[in-house]
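Read through the structure below, which is laid out as structure tokens, and then see the notes.
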Amino acid sequence: QVRLVESGGGLVQPGGSLELSCAVFGVDFNAYAVAWYRQTPGSQRKLLTQSELVAQITGSGKINYADSVKSRFTISRDNAKNMVYLQMNSLKSEDTAVYYCNLYNDYDPFGSWGQGIQVTVSS
């Protein structure tokens, strides 16, 4: 069965950096794109929306970022290791959220989701 295991979150001061990792198990990883979403504190939505999309990367390496994170965040993948990363630099308090890894493709557009990992940016 498909499993997504996220790691690397935590507390960081404004201006600092964190790297999130998502390990994927149970699928042909190369056949899937991966997205990172985030949900800010206090959100009542059960399903994440397009406005909460942070970054995405296809199996062939095509990348898109939300305007709010362009030039600060970098998404990457290592297909040999079934890993996806989100390097977050110059972090701001407004980046505080629970971050979710999402594995999807055209045949499974909703895809599989990690449990989420907390990122807190605070002085």
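Here, residue 1 is the first one in the sequence, and each next residue gets the next number.
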Are the side chain of [X] and the backbone of [Y] linked by a donor-acceptor contact shorter than 3.5 Å?
X: N102; Y: G114; answer: no
X: S21; Y: S7; answer: no
X: E19; Y: M88; answer: no
X: E52; Y: Q39; answer: no
X: Y65; Y: I75; answer: yes
X: Q13; Y: V121; answer: no

Is any side-chain N of the basic residue among D95 and K92 closer than 4.0 Å to the acidic one's carboxylate O?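 No, D95 and K92 are not salt-bridged.
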Hphob cluster co-occupancy, L4 + V34, side-chain heavy atoms under 4.5 angstrom: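 In one cluster: yes.
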side-chain hydrogen bond (donor to acceptor under 3.5 Å, both in side chains) evaluation trace for T120 with S122: CA-CA 6 Å; T120 302; S122 177; over 6 Å; no
Walk me through it: do R3 and V5 pass the test side chain to side chain contact (heavy atoms under 4.5 Å, CB included)? CA-CA 6 Å; R3 290 188 297 122; V5 181; 4.0 Å; yes
Using ring centroids (six-membered ring only for Trp), state whether Y37 and W113 fall under 6.0 Å.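 Judged by ring-centre distance (under 6.0 Å), W113 and Y37 do meet the cut-off.
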Say you draw a straight line from CD1 of I117 to CH2 of W36; how long is it, rounded to the nearest 0.5 Å?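 The distance works out to 7.0 Å.
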Gap separating the CZ atom of F29 from the NZ atom of K81, nearest 0.5 angstrom: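 Rounded to the nearest 0.5 Å, the CZ-NZ separation comes to 12.5 Å.
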Verify the neighbour count for atom CD of Q87: are there more than 12 heavy atoms of other residues, nucleotides or ligands below 6.0 Å?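 More than 12 heavy atoms, drawn from other residues, nucleotides or ligands, come within 6.0 Å of this atom.
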Taking all non-hydrogen atoms of both residues into account, name the closest pair between S17 and N89 and its distance.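 In terms of heavy atoms, the two residues are closest at OG-OD1, 2.9 Å.
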Does the Lys NZ or Arg CZ of R38 fall within the cation-pi geometry relative to Y99 - under 6.0 Å from the ring centre and within 45° of the axis?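 Judged by the rule (NZ or CZ under 6.0 Å from the ring centre, within 45° of its axis), R38 is not positioned above Y99.
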Show your reasoning for whether side chain to side chain contact (heavy atoms under 4.5 Å, CB included) applies to L86 and T74. CA-CA 6 Å; L86 185 68; T74 302; over 6 Å; no
